[in-house]
Protein chains: 2
Amino acid sequence: MSIAFDLSQATTATALRSDVIGDIMAQMGLRMSFARDEEIYAQEEDADLVYRVIEGAVRTTRLMSDGRRQVGDFYFEGDMFGLEPGETHKFSAEALSDCTVLVLKKSALMSLAQSDHRIERMIWAATSRELERAHEHVLLLGRKTACEKVASLLVSIAERTGGDKTELPMGRQDMADYLGLTIETVSRMLSQLQSSAIIAFNGVRNFRITNRAALARLAE
Amino acid sequence: MSIAFDLSQATTATALRSDVIGDIMAQMGLRMSFARDEEIYAQEEDADLVYRVIEGAVRTTRLMSDGRRQVGDFYFEGDMFGLEPGETHKFSAEALSDCTVLVLKKSALMSLAQSDHRIERMIWAATSRELERAHEHVLLLGRKTACEKVASLLVSIAERTGGDKTELPMGRQDMADYLGLTIETVSRMLSQLQSSAIIAFNGVRNFRITNRAALARLAE
DNA sequence: CGTTTCATTGAGTGCGATCAAGCCGTGTGG
DNA sequence: CCACACGGCTTGATCGCACTCAATGAAACG
């Protein structure tokens with residue numbers, strides 16, 4: 001893990017998605033870099049920092065005592081994460097790829113919030129967005145089939161990262177643990193979608209949607 | 001649905017769980033009653049009201065176009081619900097049993113929040129608690145077995161409602177749709193837990209935990 | 001070029017779903 | 001007070017989707 005004060009690049013960082021919290025984090029936050037699979041914070045660790053992805057991608061995961069793993073969510077450029085309510089994190093966060101994040105003490109943000117209402121409002125908005133995504137995740141895990149789960153994930157990532165071709169920042173195991181499936185099932189569904197001419201892969205981590213309507217229908 | 005201004009019973013209502021939002025809702029909110037299975041708000045409806053359970057219990061549900069149903073959560077006395085971020089509700093809310101709730105316009109609460117920081121803080125705290133529960137729900141749906149799911153739900157309800165004997169306010173279908181299972185599987189797991197002497201039923205909706213350690217172990 | 005890691009594919013299994021009776025508490029009318 | 005019907009729950013038999021185990025393939029790395 002490497003740390004550097006973020007001054008020179010504050011403007012380029014916030015240019016990604018301009019908002020109040022972004023500005024404040026860029027001004028007051030610390031810029032940190034993590035290597036692929038490096039832990040950003042641990043399950044059970046005190047949750048006194050908030051984060052924002054500047055470059056790369058992040059996953060949050062929760063481990064059960066017997067090793068079963070659940071991925072909570074994936075975060076891309078501009079996304080805030082680490083906004084967990086309790087004293088300690090229930091999920092850990094890890095770098096999906098080599099990545100850079102801005103970090104700010106939650107307490108610092110909160111004390112600022114006392115003088116600036118917009119900040120409080122934006123923290124709440126970010127938490128709300130998290131909740132909305134969690135609800136979507138609940139529906140996916142509870143009632144969708146393996147094929148629908150995979151289709152939903154692909155649509156979601158394609159939407160969030162934009163562009164014609166989509167790069168998957170995570171491996172099959174991460175996809176499986178997000179979807180409540182095994183890597184074998186994920187792999188089979190991807191092959192199936194490909195042979196149905198709905199998506200086309202170019203290497204294991206790069207795909208293109210060739211039949212957007214069909215994929216959207218599967219994702220519901 | 002029946003409506004009455006809540007003045008006389010404001011004190012008894014807030015006595016259930018004393019906090020700022022509770023006080024405000026009791027003072028400014030409308031008291032409404034709903035019959036079992038009556039809709040409190042609909043999926044796709046504008047989300048401009050927040051609610052608080054005074055008596056009875058509530059479920060939130062989401063319906064897929066083909067009829068598959070997912071229960072988002074159950075709410076008991078003192079719980080706030082309806083705190084969805086977006087413009088419209090993604091889940092609908094229905095009365096599990098005949099129940100009474102306090103209702104307040106979100107916009108009214110927000111304008112109050114401008115003069116009182118505690119209110120903004122508490123709305124955020126309530127949203128955070130929702131998020132925490134959603135995360136727990138994700139783990140349950142993604143990685144727990146049928147038996148563990150049922151055990152987790154029983155523990156959760158027993159914890160939230162307290163007391164030696166626990167009354168289930170919902171039927172088997174609601175449990176199944178919360179757990180991502182079918183009623184048959186829920187029923188089988190309950191029978192199994194009972195024959196393992198971990199719980200004891202007295203009628204279909206009333207049970208007692210006879211081996212708390214074993215149940216907790218299953219629920220993880 | 002060999003080694004390692006990750007993804008795909010195949011064969012067989014099992015958990016939870018589906019289909020189908022049967023049971024039981026509750027309400028209703030004779 | 002009983003006969004009956006109805007809805008919700010339980011139990012049994014069977015099915016099928018996703019898991020497990022195993023082998024192969026393909027890309028990354030030293």
Side-chain angles (χ1 to χ4, degrees), chain A residues 35-37 59 64 66-71 94 96-98 140-154 167-196 199-207 218, chain B residues 35-37 59 64 66-71 94 96-98 140-154 167-196 199-207 218:
Chain A
R36 162 184 292 214
D37 288 330
R59 67 167 176 260
M64 290 174 70
D66 62 357
R68 280 176 285 179
R69 195 178 79 137
Q70 178 66 46
V71 168
E94 296 135 27
L96 260 178
S97 52
D98 293 350
L140 179 145
L141 292 170
R143 288 303 182 208
K144 290 189 181 177
T145 64
C147 189
E148 292 170 339
K149 284 175 174 180
V150 171
S152 300
L153 179 59
L154 294 183
E167 181 82 12
L168 292 172
M170 75 291 285
R172 299 292 187 263
Q173 188 65 61
D174 287 327
M175 297 175 68
D177 288 341
Y178 176 80
L179 300 173
L181 299 171
T182 59
I183 48 171
E184 292 95 331
T185 300
V186 170
S187 185
R188 272 184 255 272
M189 295 304 127
L190 289 174
S191 300
Q192 190 179 305
L193 288 173
Q194 192 163 210
S195 66
S196 308
I199 57 173
F201 266 87
N202 191 9
V204 292
R205 287 187 175 216
N206 195 306
F207 73 98
L218 280 171
Chain B
R36 163 184 293 215
D37 286 330
R59 66 167 176 261
M64 290 173 70
D66 62 357
R68 280 177 284 179
R69 195 178 79 138
Q70 178 65 47
V71 168
E94 296 135 27
L96 260 178
S97 53
D98 293 350
L140 178 146
L141 292 169
R143 289 303 182 207
K144 290 189 182 177
T145 64
C147 189
E148 292 169 339
K149 286 176 173 180
V150 171
S152 300
L153 179 59
L154 294 183
E167 181 82 11
L168 292 171
M170 76 291 288
R172 298 293 187 264
Q173 187 65 60
D174 287 326
M175 297 175 69
D177 288 341
Y178 176 80
L179 300 173
L181 299 172
T182 59
I183 47 170
E184 292 93 332
T185 300
V186 171
S187 184
R188 271 184 255 272
M189 294 305 126
L190 289 173
S191 299
Q192 191 179 304
L193 288 173
Q194 191 163 210
S195 66
S196 308
I199 57 172
F201 266 87
N202 192 10
V204 290
R205 287 188 174 215
N206 196 305
F207 74 97
L218 281 171

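As the structure is a prediction and not an experimental result, all values here were calculated from the model. First the proteins, then the strands, lettered A, B, ... as listed; each starts at 1.
- An end-to-end axis angle of 30° holds for the helix from C:dC1-D:dG30 to C:dG30-D:dC1, taken from five base pairs per end and rounded to 10°.
- Put simply, chain B comes within 4.0 Å of DNA chain C, heavy atom to any atom, from C:dG16 to C:dC19, going 5' to 3'.
- From A:E167, atom CD reaches atom CG of A:N206 across 5.0 Å, with rounding to the nearest 0.5 Å.
- Across residues 140-150 of chain A, A:T145, A:A146 each have a non-hydrogen atom less than 4.0 Å from an atom of DNA chain D (numbered order).
- Between the CD atom of B:Q173 and the P atom of D:dT10 there is a distance of 13 Å, given to the nearest Å.
- Taking the side chain as every heavy atom from C-beta outward, B:V186 and B:L153 never approach each other to under 4.5 Å.
- Side-chain contact check for A:T182 versus A:R188: every heavy-atom pair is 4.5 Å or farther apart.
- Taking atom CZ of residue B:R36 and atom C1' of nucleotide D:dG8, one finds them 11 Å apart after rounding to whole Å.
- Closest of all the heavy-atom pairs between B:R36 and B:L96 is CG-O, 3.7 Å.
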Kindly determine whether B:R69 and B:D174 satisfy side-chain contact (heavy atoms from CB on, under 4.5 Å), including the steps that lead there.
CA-CA 9 Å; B:R69 195 178 79 138; B:D174 287 326; 2.5 Å; yes

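- B:D37 is linked by a salt bridge (Lys or Arg N to Asp or Glu O under 4.0 Å) to B:R59, counting only residues two or more places apart in sequence or in another chain.
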Show, in sequence, the C-alpha distance, side-chain angles and deciding distance for A:M175 and A:L168, and conclude whether the side-chain contact (heavy atoms from CB on, under 4.5 Å) test is met.
CA-CA 10 Å; A:M175 297 175 68; A:L168 292 172; 4.2 Å; yes

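- Residues B:R143 and A:A176 share a closest heavy-atom pair of NH2-O, 3.2 Å.
- The heavy-atom pair separating B:L190 from B:L154 by the smallest distance is CD2-CD1, 3.9 Å.
- Listed by residue number, B:E184, B:S187, B:R188 are the residues of residues 181-189 of chain B with a heavy-atom contact under 4.0 Å to DNA chain D.
- Computed from coordinates, the B:Q194 CD to D:dT10 C1' distance equals 11 Å when rounded to whole Å.
- Pairing each heavy atom of A:R172 with each of A:F201, the nearest pair is NH2-CE2, 3.9 Å.
- Annotation for B:E148 and B:L218: closest pair CG-O, 3.2 Å, computed over non-hydrogen atoms.
- The side-chain contact (heavy atoms from CB on, under 4.5 Å) test with B:Q70 singles out one residue from B:L141, B:L179, B:D177, and that residue is B:L141.
- In this structure, B:N206 atom CG and D:dG8 atom P are separated by 20 Å, rounded to whole Å.
- B:T185 is listed as a side-chain neighbour of B:M189, based on a closest heavy-atom distance under 4.5 Å.
- Here the shortest heavy-atom pairing between A:S152 and A:K144 reads OG-NZ, 3.0 Å.
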In the 5'-to-3' direction, what one-character label does each nucleotide of nucleotides 24-30 of chain D receive under the scheme B = base within less than 4.0 Å of a protein heavy atom, S = sugar-phosphate only, - = no such atom?
-------

